[in-house]
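Here is the structure we will look at, set down as structure tokens.
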Amino acid sequence: MGFDDQRFNVNLSILFTELPLLERPAAAAAAGFTAVELWWPWVDSPTPEQSELDALKKAIEDAGVRLTGLNFYAGQLPGPDRGALSIPGEESEKFRANIEVAANFAQSLGTKALNALYGNRVEGVDPAEQDALALENLVLAARAADRIGAILLIETLNRPESPLYPLVSAPAGIGIVDKVNAATGLGNAKFLMDLYHLSMNGEDLPSVIEQYAARTGHVQIADNPGRGAPGTGSLPLEELLDQLKKAGYEGWVGLEYKPGDRPSAEAFGWLPVEYRAAR
């Protein structure tokens with residue numbers, strides 16, 4: 001088991017970013033991967049021109065890779081923002097405008113997981129008001145995901161790097177998952193278990209896996225410290241993925257780490273080529 005028994009995909013919003021967006025799917029394929037995921041690529045536009053969507057779809061299809069996960073519009077990411085759906089005013093409106101665009105794009109590529117980042121707390125705004133707005137928007141997103149046969153992912157980040165983000169523990173993320181499922185009755189909201197973020201929060205990762213593996217829709221990894229490739233830090237990622245597998249998790253494991261001061265194609269030495277293609 002371990003790394004040889006996982007379904008990996010490459011996050012093209014943190015790896016291969018030295019290349020233009022449309023060249024990244026082919027670069028991932030050249031490195032031996034058959035699946036990729038993306039943050040919303042158009043940080044300034046929740047509703048890009050159809051020609052831009054078509055060009056990205058073609059690049060993914062031409063590369064022969066699957067897009068297995070996609071974020072909804074989340075503001076400036078990377079950057080100061082951590083989502084838009086709980087931000088009153090223009091950002092919330094942008095998120096709502098993006099819902100069907102993102103869902104339709106995902107549907108066109110057979111993508112079955114959509115990630116909705118919650119958004120930072122806003123100074124001067126009652127957190128209860130933000131939470132009510134968030135639930136409204138997450139319900140809309142869950143329904144759109146359900147329409148295309150996809151799940152809605154709720155992600156926990158980490159407090160040191162995202163001090164204004166309210167979901168900085170596994171229980172906090174699970175709590176939102178429960179609220180969304182209760183509101184929709186669809187049951188398609190799932191936890192995004194990012195082992196790097198959880199470790200940055202000092203959580204007991206084996207305990208988190210034991211408690212929440214059955215409610216997890218996606219896993220992402222990076223080593224800690226440094227958010228680099230497996231083996232660059234001290235996290236026992238191979239053991240943790242083994243535990244997830246034994247707990248019944250059969251989904252994707254997203255490689256969401258920084259390549260360091262080298263081309264991304266050189267950042268996969270920890271994973272033999274024969275284990276990169278999804279099985």
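By convention here, the first residue in the shown sequence is residue 1. Atom set for the values below is all heavy atoms of this structure, side chains included, hydrogens, waters and symmetry mates excluded.
With a 4.5 Å cut-off on side-chain heavy atoms, Leu241 and Val253 count as touching. Side-chain atoms of Ser234 and Pro225, non-hydrogen and from C-beta on, do get closer than 4.5 Å to each other. A 4.5 Å side-chain heavy-atom check between Phe105 and Leu67 finds at least one atom pair inside the cut-off. The shortest side-chain heavy-atom distance between Thr111 and Thr68 does not fall under the 4.5 Å cut-off. Looking at Arg215 and Ile174, their side chains come closer than 4.5 Å, going by heavy atoms from C-beta outward. Two residues are said to be in side-chain contact when any heavy atoms from C-beta on lie closer than 4.5 Å; Val219 and Tyr249 meet this criterion. Taking the side chain as every heavy atom from C-beta outward, Met193 and Ile209 approach each other to under 4.5 Å. For the pair Leu70 and Trp39, the minimum side-chain heavy-atom distance is 4.5 Å or more.
Nearest heavy-atom pair, Ala102 versus Leu114, reported as atom, atom and distance to 0.1 Å: O-CD2, 4.3 Å. Gly231 and Asp223 get closest at one heavy-atom pair: N-OD2, 2.8 Å. The two residues Ala144 and Ile99 make their nearest non-hydrogen contact at CB-CG2, 3.4 Å. Residues Val65 and Ala29 come closest through the heavy atom pair CG1-CB, 3.8 Å. In plain terms, the two heavy atoms of Ala59 and Pro25 that are nearest each other are O-CB, 3.7 Å. Smallest separation of non-hydrogen atoms from Phe16 and Ala265: CE2-N, 3.8 Å.
Taking the six-membered ring for Trp and the full ring otherwise, Trp40 and Phe72 have centroids separated by 6.0 Å or more. For Phe268 and Phe33, the ring centers are positioned less than 6.0 Å apart.
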- Task: Step by step, work out the side chain to side chain contact (heavy atoms under 4.5 Å, CB included) result for Lys94 and Thr47.
- Result: CA-CA 8 Å; Lys94 286 182 177 179; Thr47 55; over 6 Å; no
- Message: Using side chain to side chain contact (heavy atoms under 4.5 Å, CB included), reason through Gln76 and Asp44 one step at a time and then give a plain yes or no.
- Response: CA-CA 7 Å; Gln76 297 292 321; Asp44 295 318; 2.7 Å; yes
- Task: Please report the C-alpha distance between Phe8 and Thr34 in whole Å, then the side-chain angles of each, then the deciding distance to 0.1 Å, and finally whether the side chain to side chain contact (heavy atoms under 4.5 Å, CB included) criterion is met.
- Result: CA-CA 9 Å; Phe8 290 110; Thr34 56; over 6 Å; no
- Message: Applying side chain to side chain contact (heavy atoms under 4.5 Å, CB included) to Asn11 and Val36, what does each step give before you reach the verdict?
- Response: CA-CA 6 Å; Asn11 189 302; Val36 299; over 6 Å; no
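The hydrophobic clustering, which links ILVMFWY residues whose side-chain heavy atoms are closer than 4.5 Å, places Leu135 and Leu117 together. Both Tyr275 and Ile221 belong to a common hydrophobic cluster when Ile, Leu, Val, Met, Phe, Trp and Tyr are linked at side-chain heavy-atom distances under 4.5 angstrom. Hydrophobic clustering places Val177 together with Leu198 (ILVMFWY residues linked when any side-chain heavy atoms are closer than 4.5 Å, directly or through intermediates). Leu192 is not connected to Ile14 by any chain of hydrophobic side-chain contacts under 4.5 Å among Ile, Leu, Val, Met, Phe, Trp and Tyr, and they are in different clusters. Grouping the Ile, Leu, Val, Met, Phe, Trp and Tyr side chains by contacts below 4.5 angstrom, directly or via other members, places Leu85 apart from Leu164.
Side chain of Asn188 to main chain of Ala142: a donor-acceptor pair is present (N/O by atom type, distance under 3.5 Å, no hydrogens or angles). The backbone N or O of Lys258 lies less than 3.5 Å from no partner atom in the side chain of Arg227, so there is not a single donor-acceptor pair. Listed for the Lys112 side chain is no donor-acceptor partner under 3.5 Å among the backbone atoms of Ala106. For Thr184 (side chain) and Leu186 (main-chain N/O), a donor-acceptor pair under 3.5 Å exists by modelled atom type. Although no hydrogens or angles enter the test, the distance criterion places no donor-acceptor pair under 3.5 Å between the side chain of Thr216 and the main chain of His218. Judged purely by atom type and a 3.5 angstrom limit, Ser162 has no side-chain atom pairing as donor or acceptor with the backbone of Tyr165. The backbone N or O of Pro259 lies less than 3.5 Å from a partner atom in the side chain of Arg262, making a donor-acceptor pair. A side-chain donor-acceptor contact under 3.5 Å links Glu18 to the backbone of Ser264. Under a 3.5 Å cut-off, the side chain of Ser92 and the backbone N or O of Pro88 do not form any donor-acceptor pair. Counting only distance, with no hydrogens or angles, the side chain of Asn104 and the backbone of Glu100 share a donor-acceptor pair below 3.5 Å.
Under 4.0 Å is where a charged nitrogen must lie from a carboxylate oxygen, and between Glu37 and Arg66 no such pair does. A salt bridge is absent between Arg7 and Glu250: the closest approach of a Lys/Arg side-chain nitrogen to an acidic carboxylate oxygen does not fall below 4.0 angstrom. Using a cutoff of 4.0 Å between basic side-chain nitrogens and carboxylate oxygens, Arg96 and Glu93 are not scored as salt-bridged.
Judged as a salt bridge (charged side-chain N to carboxylate O under 4.0 Å, His left out), and not counting sequence neighbours, Glu203 has no contacts.
One distance of note links CG of Leu77 with CG of Asn71; it measures 7.0 Å at 0.5 Å rounding. Rounding to the nearest 0.5 Å places CG of Asn224 at 8.5 Å from CG of Asn158. In this structure, Leu152 CG and Arg143 CZ are separated by 12.0 Å, a value rounded to the nearest 0.5 Å. Atoms CD and CG, on Glu91 and Asp81 in that order, are 6.0 Å from each other to the nearest 0.5 Å. Taking CD1 from Ile154 and CG from Asn115, the interatomic distance works out to 7.5 Å, rounded to the nearest 0.5 Å. How far CG of Asp178 is from CZ of Phe191: 11.5 Å, rounded to the nearest 0.5 Å.
For the residue pair Arg276/Asn9, the side-chain donor-acceptor check at 3.5 Å is not satisfied. If you check the side chains of Tyr196 and Glu161, you find a donor sitting under 3.5 Å from an acceptor. Gln220 and Tyr257 are not linked by any side-chain donor-acceptor pair at a separation below 3.5 angstrom, with hydrogens and angles left out of the test. Between the side chains of Arg159 and Asn201, no donor N or O sits under 3.5 Å from an acceptor N or O.
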Distance-only donor-acceptor hits, side chain of residues 126-134, under 3.5 Å, sequence neighbours excluded:
| residue | atom | partner | partner atom | Å |
| --- | --- | --- | --- | --- |
| Asp126 | OD1 | Ala128 | N | 2.9 |
| Gln130 | OE1 | Val122 | N | 2.9 |
| Gln130 | NE2 | Ser86 | O | 2.9 |
| Gln130 | NE2 | Ser86 | OG | 3.4 |
| Gln130 | NE2 | Asn120 | O | 3.0 |
| Asp131 | OD1 | Tyr118 | OH | 2.7 |
| Asp131 | OD1 | Arg121 | NH1 | 2.9 |
| Asp131 | OD1 | Arg121 | NH2 | 3.1 |
| Asp131 | OD2 | Arg121 | NH2 | 3.3 |

Which pairs of donor and acceptor atoms, one on a side chain in residues 48-55, lie under 3.5 Å apart (sequence neighbours left out)?
| residue | atom | partner | partner atom | Å |
| --- | --- | --- | --- | --- |
| Gln50 | NE2 | Asp54 | OD1 | 2.8 |
| Glu52 | OE1 | Trp42 | NE1 | 3.1 |

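More than 12 non-hydrogen atoms from other residues, nucleotides or ligands lie less than 6.0 angstrom from CD of Gln211.
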